[in-house]
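Shown next, in structure tokens, is the structure this report addresses.
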Amino acid sequence: MNPHENHRKRMRRRYIKQGFESFADHEVLEFLLFYCYPRRDTNEIAHRMIKEFGSLHNLLESDVATIMKKLNCTENIAVFLNMLPKAANRYFRNKWGEGAILDNEKTAGEYTIDLFVGHTVEMFYVLCLDKKFRIINAVMISEGTVDESAVYPREIVGAAIQNNAAYIILTHNHPGGTLRPSRGDLEVTRRVVDGLQFLNLTVVDHIIVAGDTYYSFAARKQLVNGYV
């Protein structure tokens with residue numbers, strides 16, 4: 001008999017009634033680890049894991065090898081933890097479905113936050129939209145390290161033309177957590193906006209994502225044309 005079963009039952013009932021809203025981060029992890037450790041006290045394990053990585057976010061966004069090394073755990077457990085944000089990313093992408101309409105900063109911001117769930121390195125996408133602001137395709141232009149991404153305006157223009165876009169939204173993430181555009185972010189935006197004007201293509205926004213927040217150039221009337 002599992003001596004922790006009554007505690008697990010109470011946590012399951014709590015989850016069924018409330019979801020994770022009332023759970024602290026270590027309790028979320030403790031609950032998830034029920035499915036990795038069927039007969040152990042996962043509360044202590046969860047506390048140790050979060051202490052080692054500094055936060056639940058840092059733990060779940062680490063690669064399999066790092067999790068195994070830092071926690072001295074099995075590959076199965078490391079894969080389970082690593083796949084959680086990636087599964088969430090797939091869910092969010094499916095949630096939006098085909099032809100989502102991104103005709104304002106709020107909707108586009110929410111879409112891009114979902115787009116970057118599970119990504120631990122800086123990535124740059126071009127969202128190609130039709131004349132009704134329906135998304136045609138989200139094209140990944142570059143994938144960098146944790147703190148930099150090489151972006152070539154020529155490739156952005158090529159993606160827009162290839163997808164027959166009427167409008168585009170530029171978007172990239174800052175895994176380090178800061179929303180402030182870098183000097184390079186401003187320069188790329190300026191170059192792309194200027195380059196696409198000659199092709200009668202409009203850059204409506206450039207959105208920077210950090211965690212569950214975003215920075216919209218359009219909302220600040222900065223460089224881009226905006227949604228109107």
Side-chain angles (χ1 to χ4, degrees), residues 4 7-8 10-12 14-16 18-93 95 109-125 140 142-151 171-185 206-216:
H4 308 291
H7 173 66
R8 293 186 174 207
R10 287 193 297 270
M11 288 197 76
R12 277 195 295 270
R14 182 178 161 199
Y15 171 77
I16 290 169
Q18 304 173 1
F20 281 135
E21 291 301 316
S22 67
F23 282 56
D25 282 356
H26 73 274
E27 291 177 313
V28 172
L29 184 56
E30 175 189 359
F31 185 87
L32 293 171
L33 290 173
F34 289 170
Y35 302 94
C36 296
Y37 297 97
R39 301 186 64 82
R40 289 181 63 181
D41 178 4
T42 59
N43 181 277
E44 180 183 346
I45 297 171
H47 276 289
R48 179 171 61 84
M49 286 182 171
I50 291 178
K51 182 179 180 181
E52 183 66 38
F53 281 88
S55 69
L56 179 61
H57 170 270
N58 290 344
L59 168 62
L60 297 184
E61 294 208 338
S62 296
D63 59 49
V64 171
T66 300
I67 294 172
M68 290 178 67
K69 182 178 179 180
K70 282 195 170 188
L71 300 179
N72 192 28
C73 65
T74 66
E75 185 177 72
N76 282 346
I77 291 169
V79 168
F80 173 77
L81 295 171
N82 173 264
M83 76 178 182
L84 292 172
K86 293 175 174 58
N89 178 266
R90 177 63 63 89
Y91 160 74
F92 285 126
R93 293 286 293 272
K95 179 185 79 171
E110 291 172 352
Y111 181 92
T112 54
I113 287 173
D114 288 350
L115 179 66
F116 290 111
V117 168
H119 292 309
T120 58
V121 297
E122 187 166 315
M123 306 181 78
F124 198 107
Y125 279 86
M140 189 182 76
S142 71
E143 180 177 0
T145 63
V146 171
D147 57 4
E148 64 180 286
S149 180
V151 179
T171 184
H172 73 283
N173 61 328
H174 281 177
T178 176
L179 280 174
R180 183 179 295 276
S182 68
R183 194 173 292 177
D185 295 336
H206 185 168
I207 298 175
I208 300 171
V209 173
D212 60 356
T213 57
Y214 65 89
Y215 179 104
S216 165

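These numbers come from a predicted model, not from an experiment.
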Problem - Sub-4.5 Å side-chain heavy-atom contact between Met123 and Phe116 - result: yes
Exercise for the section: Could you tell me whether the side chain of Asn173 reaches within less than 4.5 Å of the side chain of Ile208, counting heavy atoms only? Expected result: no
Problem - Beyond-backbone contact of Glu30 with His7, side-chain heavy atoms, under 4.5 angstrom - result: yes
Practice task
Return yes if some donor-acceptor pair links the side-chain N/O of Ser55 with the main-chain N/O of Asn58 below 3.5 Å, else return no.
Solution key: yes
Problem - Atom NZ of Lys70 with >12 non-hydrogen neighbours under 6.0 angstrom - result: yes
Exercise for the section: Write down the atom of Tyr37, the atom of Arg8, and the distance for their closest heavy-atom approach. Expected result: O-NH2, 2.5 Å
Handout entry: Residue Phe20 excluded, over 12 heavy atoms near CZ under 6.0 Å
Key = yes
Practice task
Measure across Ile67 and Leu59 and return the closest heavy-atom pair with its distance rounded to 0.1 Å.
Solution key: CD1-O, 3.7 Å
Handout entry: Closest approach of Tyr214 to Glu110 (non-hydrogen atoms, all atoms of both residues)
Key = CE2-N, 4.5 Å
Exercise for the section: Would you indicate whether Lys95, at its atom NZ, is surrounded by more than 12 heavy atoms from other residues, nucleotides or ligands within a distance under 6.0 Å? Expected result: yes
Handout entry: Heavy-atom side-chain proximity of Leu60 to Phe53 below 4.5 angstrom
Key = no
Practice task
For Ser22 and Arg14, work out which heavy atoms get closest and say how close.
Solution key: O-NH2, 2.8 Å
Handout entry: Heavy-atom check, side chain of Glu122 versus side chain of His174, under 4.5 Å
Key = yes
Problem - Met11 to Phe23 - nearest heavy-atom pair and separation - result: CE-CE2, 3.4 Å
Exercise for the section: Begin from the C-alpha positions of His57 and Glu61 and carry the test side-chain hydrogen bond (donor to acceptor under 3.5 Å, both in side chains) through to its verdict. Expected result: CA-CA 6 Å; His57 170 270; Glu61 294 208 338; 3.2 Å; yes
Fill in the blank from the handout: In terms of heavy-atom contacts, Val117 and Pro85 come closest through CG1-O, 3.5 Å
Practice task
Give a yes or no on whether Arg12 atom CZ has more than 12 heavy-atom contacts from other residues, nucleotides or ligands under 6.0 Å away.
Solution key: yes
Exercise for the section: Please answer whether the main-chain N or O of Ile207 pairs with a side-chain N or O of Thr171 as donor and acceptor at a distance below 3.5 Å. Expected result: yes
Problem - Arg180 charged N/C atom sitting above Tyr215 aromatic ring, 6.0 Å / 45° - result: no
Exercise for the section: Examine distances only and state if a side-chain atom of Ser182 and a backbone atom of Asp185 form a donor-acceptor pair shorter than 3.5 Å. Expected result: yes
Exercise for the section: Evaluate whether atom CD of Glu44 has more than 12 neighbouring non-hydrogen atoms of other residues, nucleotides or ligands under 6.0 angstrom away. Expected result: no
Exercise for the section: Kindly indicate whether the side chain of Leu81, heavy atoms from C-beta on, has any atom under 4.5 Å from the side chain of Met49. Expected result: yes
